[in-house]
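See structure below.
Just so you know, ligand 1 is whichever comes first in the structure, and atom 1 is the first atom listed for that ligand. For this chain, numbers begin at 1 and follow the sequence in order. Keep in mind that the numbers below use all heavy atoms, side chains included, and drop hydrogens, waters and symmetry copies.
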Amino acid sequence: MRADPIQRAIDDDLVPVLYAQDPIAFVSHWFSIVVLVAIYWPDIPSPHLFALCFGFYGVANCAGLALWLCNRRWPTGLSPRAWINLHALRGMLLYSAPGAAIWFAFQSPHTDLPLLHTVMLVTLAAGVFMSNGFDFLNFVTAIPFLLLPSIALHFSVHTFDRTILAIVLAFFFCAINVYALSYRKLFRRVVEARVDQQYLAESLAAQKLVAEEASLAKTRFFAAASHDLRQPLHAIGLLAASLNDGTVAPAQHAKTADHIVRNVEALNQLFNQVLDLARLESGVTQVIRLHFRLAELFERVGSQYRPQAAAKGLALRIAPTTVVVHDDPVLLERVLSNLLSNAVRYTEEGAIWLGYRRAGRRSGGYIEVRDSGIGIPLTEQERIFEEFYQVANPQRDARQGHGLGLPTVRRLVELLGGELQMNSAPGRGSTFRFLVQAGDPARIVSSLGDTVASSSTTEGRRVLCIDDDPSILEGLSALLGRWGCVVRGVPDEIQALQAIDEGFVPDAVLCDYQLANHRTGAEALFAVRDALRHAGHGEVVTLLITGDMASPDLEALSAKGIPVLHKPVTPARLRRTLESLWQQHTAKGGESSTDAGTQPPVAIDGQR
Ligand code: ADP
């Protein structure tokens, strides 16, 4: 807990504590006035001064009560600190009169008067300790005024018994100060405990609220998800049953089959969207940044959505740009695809713009997707980022999407280190934009437009593939072979080591994560790396391919510099990953697998 809130809490608690004793103090002081006047009465020394002193005492006591009344009437009229300071002032005025009045006792010929007056002062001091001891200011503006004149005058008499009395009084003065100090510490600890408890109670209540909201959101999520999943399944079930009906004409069968295919496609698309989002949520989606020309990516996504836009009579305008960015082109393409598909879906007339804008003096700039569509009401602008939330689709018509696009976009943009900004108003279109980092034209590896079939960077590379599934091994070998690689496919770690023994020195090792005999791909990769090192070869590019979503083992591997790709891996993604890894490997000084060099930690993922 920081000192500030504690001090404020102490002040809050002090005010009622200090003022609570004031009515009793008022009565006690009148009692003190009566007693003191009574003991001096038969022979009042310096009557004018006496009257002035005790008159002042009486007025100060009444003023103290008036202050108490004000505090009761207007407790929030002043800040707690101001009430505390006023109370200290009242103490100084109130206690200085009886404290100074002991001078009259020393003027009197009656030797027992100083003793009687001192007893009265000690009694008042005990009251001050009880009522004002919690606060330093209120304590020091009362006790010294009350006791110090008495101590000084007793010392000045120079008789044995008065000197002893002065010493005892001085000791009492010190002791009362020490006790008040520990009293204050205790008070502080009590207040700290109260504040901590209050803080805990408040944070518990806030957490409860968050948990309740999360549970509600989850319920909504499952309700919408199960509806959207059941709907096509239900349709497929009905359509499939109708295929068994012998009375239906073959033309009708073809139509039914076509419907089934479309429903399966919709289901597949929904599954992919849900999996994408789950992957993003679980934190396994990783980023691989490349330097590339943004215009190429714009052209690529633009060409996907131009026909849809044209079919609705909309123009899709892409602002020409020569900028090079440093970003993950695969993830960025998913962001732009989602935004453009929404722009086309929610625009009936006008145009859609895709462009790049410099961001002032910062390096990099904003990618912007703008449309002249229906726009989004202000009240919906936060909710549209919730999973399965759609503004105007209460029937959950799957043709109008599922409400997963924007949540995915927002998470992807955050993963890429940016923040999705939105500007939209009903009937005035929408603009979505986010920041991308500037890239270095000199570090562009290859054009994004390169076809997967071109093989300049993969030609002649030796690749060792480890997978216990023969069909995957066969598919992988065929694909890599088409790219010009020399492939050796093996089912396990033992045969991989054997291949190295036989002189196969790979430029890359691709390995499935779950292998037969409870071995993991990570173990196989480490064994292969060790074997290559022992044989005098340097580091090799390694790549794990896994179907697991989130596992601490995978995170640890990624941290150790073993890149991980999540299934399903598309040829384009595999190709781009391998090229990028080889490029990074070369940049670090490993021209081929036989050169020394360390492989940097790489983070990868993607669907394409
Ligand atoms: P979907 O488009 O599949 O419904 P999204 O998550 O992409 O799901 O969008 C959520 C909601 O936000 C949509 O239902 C739509 O109402 C609104 N929305 C998204 N983009 C736009 C846009 N460009 N113009 C108007 N409304 C939009």
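Heavy-atom contacts of P407 reach the following atoms of ligand 1: 6 (O) (cutoff under 4.0 Å). Interface of Q390 with ligand 1, defined as ligand atoms under 4.0 Å from a residue heavy atom, comprises 1 (P), 3 (O), 4 (O), 14 (O). Of all atoms in ligand 1, listed by their number and element, those nearer than 4.0 Å to a heavy atom of L404 are 6 (O), 8 (O). Close contacts between ligand 1 and V391 involve ligand atoms 14 (O), 16 (O) [criterion: under 4.0 Å to a heavy atom]. The contact set between ligand 1 and L406, taken as ligand atoms under 4.0 Å from a residue heavy atom, comprises 5 (P), 6 (O), 7 (O), 9 (O), 12 (O), 19 (C).
Note on ligand 1: E380 sits outside its first shell, no heavy atom being nearer than 4.0 Å. Assignment of F385 to the shell around ligand 1 is not supported, since no heavy atom sits closer than 4.0 Å. The closest approach between a heavy atom of G373 and any atom of ligand 1 is not below 4.0 Å.
Considering backbone and side-chain N/O atoms, Y389 never comes within less than 3.5 Å of an N/O atom of ligand 1. At a 3.5 angstrom cut-off on N or O pairs, I376 does not count as close to ligand 1.
In this structure, L479 and L574 have side chains that are in contact, with non-hydrogen atoms separated by less than 4.5 Å.
At a threshold of 4.0 Å, the pair R461-E579 does not count as salt-bridged, since none of the basic side-chain nitrogens sits closer than that to a carboxylate oxygen. Ion pairing between a basic and an acidic side chain is recognised when a charged N comes within 4.0 Å of a carboxylate O; R462 and D507 show such pairing.
With sequence neighbours left out, A295 forms a side chain to side chain contact (heavy atoms under 4.5 Å, CB included) with T321. A343 pairs by the side chain to side chain contact (heavy atoms under 4.5 Å, CB included) definition with I352, V369, D371, not counting sequence neighbours.
For R357 and Y366, the positive end is not near the middle of the six-membered ring at less than 6.0 Å and at most 45° from its axis.
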Quick one: do V409 and V413 satisfy side chain to side chain contact (heavy atoms under 4.5 Å, CB included)? Show the steps, please. CA-CA 6 Å; V409 167; V413 170; 4.2 Å; yes
